[in-house]
Protein chains: 2
Amino acid sequence: MLTEERHQLIRDQLAADGKVLAGELAGRFGVSEDTVRRDLRELAKAGQLRRVYGGAVTSAPFAAATLSQRSRHAVEEKTRLASAAVALLSAGQSLFIDGGTTNEAIARAIPRDMELTVATNALGVASALADLPLVELIVLGGRYVPDLGTCVGADTLAAVAQLGADLFFLGSCGLDVARGVTAFDPAEAEVKRAMAKNSAGIVIAVTNDKLITAAPYRVTGADAIRHLVVEKTAPVATLADFQSRGAQIHFA
Amino acid sequence: MLTEERHQLIRDQLAADGKVLAGELAGRFGVSEDTVRRDLRELAKAGQLRRVYGGAVTSAPFAAATLSQRSRHAVEEKTRLASAAVALLSAGQSLFIDGGTTNEAIARAIPRDMELTVATNALGVASALADLPLVELIVLGGRYVPDLGTCVGADTLAAVAQLGADLFFLGSCGLDVARGVTAFDPAEAEVKRAMAKNSAGIVIAVTNDKLITAAPYRVTGADAIRHLVVEKTAPVATLADFQSRGAQIHFA
DNA sequence: CTCTTTCTTGCATGAACAGGCAAAACATGC
DNA sequence: GCATGTTTTGCCTGTTCATGCAAGAAAGAG
């Protein structure tokens, strides 16, 4: 097998899964892990992926978290959520997508042949959409917050104010029937509020753990949620509460 | 068997499989591997395939390989240029960095322990800087142009206008002593002009091929260049011209 | 903290490589 | 027919490249 061939296969799997494991690749290619590590090092030097302990992930910044302990287990779950969320899209729609690993998974799940206009303040989402030929991508700039992976601040708000969208994919939040949608950072909450205000509908895709989390900063009430994409194992009682406030429930 | 016959068969297999192996071809054609290598060398020189260790692959593995293909070109050279360019930085400076694969390499070469403020309209640069803990990153949003990997347009210009920088790393341009710095896209040129206007100094890192290229859209004159980072093999005469207009020359 | 896994670096080995050389095949001119 | 020059090809030689192994460093896990 040619070195170049391995590199191509690594790029392919990275595009498909968002991550690769050194040991798994070594087994599949029939070479030593050292060779795979060398491959990964070279590709990383060329900027085509981001090296992490145990393998590599797409060069997008937040993708690193997909290999971290917490998200490692949830990665299949988030991929399933993403597929279900993408099913809500129609060609020609315009979207706001903000930050969070689930939203990044959604961005990666958007098919290449779908025409969309997407505005995002999340670097990871932007990177995932950058090479989709039919997506008109608008980057919402501003001060970048490493912990969130998104841009916030006055510039971001101003850019959001100029736009409108059919759907807003609201990510990385806490959800609670009483308090509604909440965020962990005040500046982040401001941006989410602006996006929510300028969107016809809100879509939230969450893993079970988010369904009971309340964060400090309020974004919007539970009745603003148009679509809620959840795991099959989500607690039925909670879902019924959201449903009674107007949200459609979609199971991944 | 005629030489031309072999060439055609190689082209055929390449079109079918995307790759060929020197040893395998030699066995199939009943000739020595040296002969096959000569064939491959000639075809590579004619641009009909890309030579790799052990055989060859199609010269353009990706259909829409605008950015990814460019970034694989001259990787080591760009890494060297990047190291030399980063040596110009001091802690605490503020920078504009625009698009281009060389600028991406520069962004990746910035050490983790350097405190900087960086404003960029290039997604790749932003991704590279996103996880540097001491870099205050400002993303300059706008309409994303896939071919350039950068954001342009009125929003981008407005964001640039609010900022000032010590240095501007100007990338992916044409350079010519008479015409100065030129860009390949009018909107891109606008953004570069705005960044140049709001910067104390301009840094340009280029591979040799850019040193003689003139693009259609004018950005700024050659005398605005403060630092020029070039390969060791750059043509001395051209460098002297830039030097006489005030540019410091740095060899990678 | 200790232990385990993963990573980097240096090194040895064999495969693949480019360039030079000579023999064979072929064409051309006398 | 014979001599000459060109092209193609295979072989040889030193060099470069890819790979696996080993040892030490580094990163996570417990």
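In what follows, chains are A, B, ... by sequence order, proteins preceding strands, each numbered from 1. These figures come from a predicted structure and were not determined experimentally.
- For R38(A) against dG20(D), a side-chain N or O and a base N or O form a donor-acceptor pair under 3.5 Å.
- Judged as a salt bridge (Lys or Arg N to Asp or Glu O under 4.0 Å), and not counting sequence neighbours, R41(B) has no contacts.
- With sequence neighbours excluded, the residues that form a salt bridge (Lys or Arg N to Asp or Glu O under 4.0 Å) with R6(B) are D39(B).
- Sequence neighbours left out, the pairs with a member in residues 16-27 of chain B that pass salt bridge (Lys or Arg N to Asp or Glu O under 4.0 Å) are E5(A)-K19(B), E24(B)-R28(B).
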Original post:
Could you walk me through whether N208(A) and T233(A) pass the side chain to side chain donor-acceptor pair (under 3.5 Å) check?
Top reply: CA-CA 8 Å; N208(A) 287 345; T233(A) 56; 2.8 Å; yes

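- The backbone N or O of C151(A) lies less than 3.5 Å from a partner atom in the side chain of N121(A), making a donor-acceptor pair.
- Under the rule for a side chain to side chain donor-acceptor pair (under 3.5 Å), the partners of E33(A) that lie at least two apart in sequence or sit in another chain are R37(A).
- Rounded to an integer number of Å, the gap from R37(B) CZ to dT9(D) P is 15 Å.
- Here E42(A) does not pair with R11(A) in a salt bridge; the nearest charged N to carboxylate O distance is not below 4.0 Å.
- Within residues 3-25 of chain B, the residues approached by DNA chain D to less than 4.0 Å at the level of any non-hydrogen atom are T3(B), R6(B), in residue-number order.
- Residue V36(B) is out of contact with every strand shown, counting any heavy-atom pair closer than 4.0 Å.
- Protein chain A contacts DNA chain C over a range whose 5' and 3' limits, counting nucleotides with an atom under 4.0 angstrom from a non-hydrogen atom, are dT5(C) to dT9(C).
- In this structure, the side chain to side chain contact (heavy atoms under 4.5 Å, CB included) partners of D241(B), at least two apart in sequence or on a different chain, are V177(B).
- End-to-end axis angle of the helix from dC1(C)-dG30(D) to dC30(C)-dG1(D), using five pairs per end and rounding to 10°, comes to 30°.
- Applying the side-chain contact (heavy atoms from CB on, under 4.5 Å) test between I106(B) and each of V125(B), L89(B), V86(B), V229(B) identifies V86(B) as the sole match.
- Atom CD in E42(A) sits roughly 12 Å away from atom P in dC17(D) (whole-Å rounding).
- Taking 4.5 Å as the limit, every side-chain heavy atom of V206(B) sits out of range of all side-chain heavy atoms of L81(B).
- Every residue two or more places apart in sequence or in another chain was checked for a salt bridge (Lys or Arg N to Asp or Glu O under 4.0 Å) with D155(A), and none qualifies.
- Residues satisfying the salt bridge (Lys or Arg N to Asp or Glu O under 4.0 Å) test with R51(A), not counting sequence neighbours, are none.
- Among residues two or more places apart in sequence or in another chain, the side chain to side chain donor-acceptor pair (under 3.5 Å) test is passed with T3(B) by none.
- Each of T35(B) and M1(A) was assigned the nucleotide of DNA chain D with the nearest heavy atom; the assignment lying further toward the 5' end belongs to T35(B).
- Distance CG (L2(B)) to P (dT7(D)): 16 Å, rounded to an integer number of Å.
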Check nucleotides 23-28 of chain D against the protein and report each pair of N or O atoms closer than 3.5 Å, with its distance, or say if there are none.
unit_1, atom_1, unit_2, atom_2, d
dA27(D), N3, Y53(A), OH, 3.2

